[in-house]
Amino acid sequence: VQLQASGGGLVQAGGSLRLSCATSGRTFSSYAMGWFRQAPGKEREFVAAITWSSSGTYYADSVKGRFTISRDNAKNTVYLQMNSLKPDDTAVYYCAAGGRLWASGSILMNSYEYDDWGQGTQVTVSS
C-alpha cells in the first residue's frame, strides 16, 4: 500500500496550496480518507476527512471555512484545498486511508480510524 502526498511548499500568509494524495495497492473507493498535520514540537492533529462516497466531510475547527477536502475515486486521489493560509498552518501534512469499509461519521476525526499513512508533505506559511 502506498500513499504519496504532494503539493506542499512555501507560501505567504493569505495564500493557497492544494495538496494531493495518490493511493495504490488497496481499494480506494470503499474507504474514508483523511488529512492530519504535525507541527514541530506538537502532536499530530486532525485536519479533514471525507467518506468513501464524498457524502460526508469533516473539518477541524481551526481550518473550517478555509480548507476543503475532496476526492476523485476514478483517480484514487484525495485533495486538500487550503485557502487563506496562516503561519499556524505550518506543519507536515499527512494523508491517511481508513481501515473500515464504508465508514462515516465524526469518528473519522480520530487517527485510530486510519490504517495506512503517507510520508507527509511540508507546508510552510510565512508571515
Side-chain angles (χ1 to χ4, degrees):
V1 179
Q2 286 192 328
L3 285 77
Q4 183 70 43
S6 62
L10 173 64
V11 64
Q12 289 188 330
S16 298
L17 283 174
R18 188 194 196 202
L19 306 184
S20 300
C21 176
T23 68
S24 61
R26 61 176 288 167
T27 304
F28 177 82
S29 60
S30 300
Y31 294 88
M33 296 293 295
W35 286 96
F36 291 75
R37 67 186 182 186
Q38 187 167 18
K42 295 186 178 181
E43 293 187 354
R44 182 175 58 191
E45 64 175 1
F46 169 78
V47 176
I50 186 167
T51 59
W52 63 278
S53 64
S54 302
S55 61
T57 55
Y58 310 89
Y59 297 94
D61 287 343
S62 59
V63 307
K64 205 170 291 184
R66 300 188 297 122
F67 290 10
T68 302
I69 189 171
S70 62
R71 66 189 294 162
D72 185 337
N73 286 347
K75 295 182 178 180
N76 290 350
T77 302
V78 63
Y79 306 96
L80 185 68
Q81 177 66 43
M82 305 186 296
N83 298 328
S84 302
L85 283 161
K86 305 175 181 179
D88 284 349
D89 295 319
T90 295
V92 177
Y93 283 70
Y94 299 91
C95 60
R100 293 187 297 122
L101 279 171
W102 307 305
S104 64
S106 59
I107 196 171
L108 293 176
M109 300 172 71
N110 296 289
S111 61
Y112 58 72
E113 279 293 305
Y114 300 88
D115 279 1
D116 296 304
W117 295 78
Q119 86 290 357
T121 185
Q122 176 70 47
V123 172
T124 303
V125 184
S126 63
S127 57

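At a threshold of 4.5 Å between non-hydrogen side-chain atoms, the residues Leu101 and Tyr31 count as touching. Within the 4.5 Å cutoff, side-chain heavy atoms of Ile69 are placed close to those of Trp35. For the pair Val47/Tyr94, no side-chain contact is recorded, criterion being any heavy-atom separation below 4.5 Å from C-beta on. Between Gln81 and Ser16 there is a side-chain heavy-atom pair separated by less than 4.5 Å.
Taken together through direct or relayed side-chain contacts under 4.5 Å among Ile, Leu, Val, Met, Phe, Trp and Tyr, Val63 and Leu17 form part of one hydrophobic cluster. In the hydrophobic cluster analysis, where Ile, Leu, Val, Met, Phe, Trp and Tyr join through side-chain heavy atoms closer than 4.5 angstrom, Phe67 is grouped together with Val11. One hydrophobic cluster, built from ILVMFWY side chains closer than 4.5 Å, holds both Met109 and Trp117.
Listed by first then second residue, pairs satisfying salt bridge (Lys or Arg N to Asp or Glu O under 4.0 Å) with a partner in residues 10-30 read Arg26-Asp116, not counting sequence neighbours. Screening residues 37-58 for salt bridge (Lys or Arg N to Asp or Glu O under 4.0 Å), with sequence neighbours left out, gives Arg37-Glu45, Arg37-Asp89. The side-chain hydrogen bond (donor to acceptor under 3.5 Å, both in side chains) contacts involving residues 3-12 comprise nothing, where partners must be two or more places apart or lie in separate chains. Residue pairs that meet the disulfide bond (SG atoms under 2.5 Å apart) test with at least one member in residues 27-81, sequence neighbours left out, do not exist here. Residue pairs satisfying the salt bridge (Lys or Arg N to Asp or Glu O under 4.0 Å) criterion with at least one member in residues 92-113, sequence neighbours excluded, are listed as follows: Arg100-Glu113.
Between the Asp72 side chain and the Ala74 main chain, a donor and an acceptor come within less than 3.5 Å of each other. A donor-acceptor contact shorter than 3.5 Å is absent between the side chain of Tyr59 and the backbone of Arg66. Side chain of Thr77 to main chain of Lys75: a donor-acceptor pair is present (N/O by atom type, distance under 3.5 Å, no hydrogens or angles).
Partners of Thr23 under the side chain to side chain contact (heavy atoms under 4.5 Å, CB included) rule, at least two apart in sequence or in another chain, are Leu3, Cys21, Phe28, Met33, Asn76. Applying the side-chain hydrogen bond (donor to acceptor under 3.5 Å, both in side chains) criterion to Thr124, with sequence neighbours excluded, gives Gln122. Every residue meeting the side chain to side chain contact (heavy atoms under 4.5 Å, CB included) condition with Ala32, not counting sequence neighbours, appears here in chain and number order: Leu108. Listed by chain and residue number, Thr51, Ser53 satisfy the side chain to side chain contact (heavy atoms under 4.5 Å, CB included) test with Ser55 (two or more places apart in sequence, or in another chain). For the side-chain hydrogen bond (donor to acceptor under 3.5 Å, both in side chains) test, residues two or more places apart in sequence or in another chain that qualify with Asn73 are Arg71. In this structure, the ring pair (Phe, Tyr, Trp, His ring centres under 6.0 Å) partners of Phe46, at least two apart in sequence or on a different chain, are Phe36. For Thr121, the side chain to side chain contact (heavy atoms under 4.5 Å, CB included) partners at least two apart in sequence or on another chain are Ala5, Leu19, Tyr93.
Heavy-atom neighbours of Gln119 CD from other residues, nucleotides or ligands within 6.0 Å: above the threshold of 12.
Of all non-hydrogen atoms in Ile50 and Val78, the two that sit nearest each other are CG2-CG2, 4.2 Å. Summarising the geometry of Ala49 relative to Tyr114, their closest heavy-atom pair is CB-OH, 3.3 Å, with the distance given to 0.1 Å. Scanning all heavy atoms of the two residues, the minimum distance from Ala13 to Pro87 falls at CB-CD, 4.1 Å. What you find for Ser30 and Thr27 is that their closest heavy atoms are OG-CG2, 3.7 Å.
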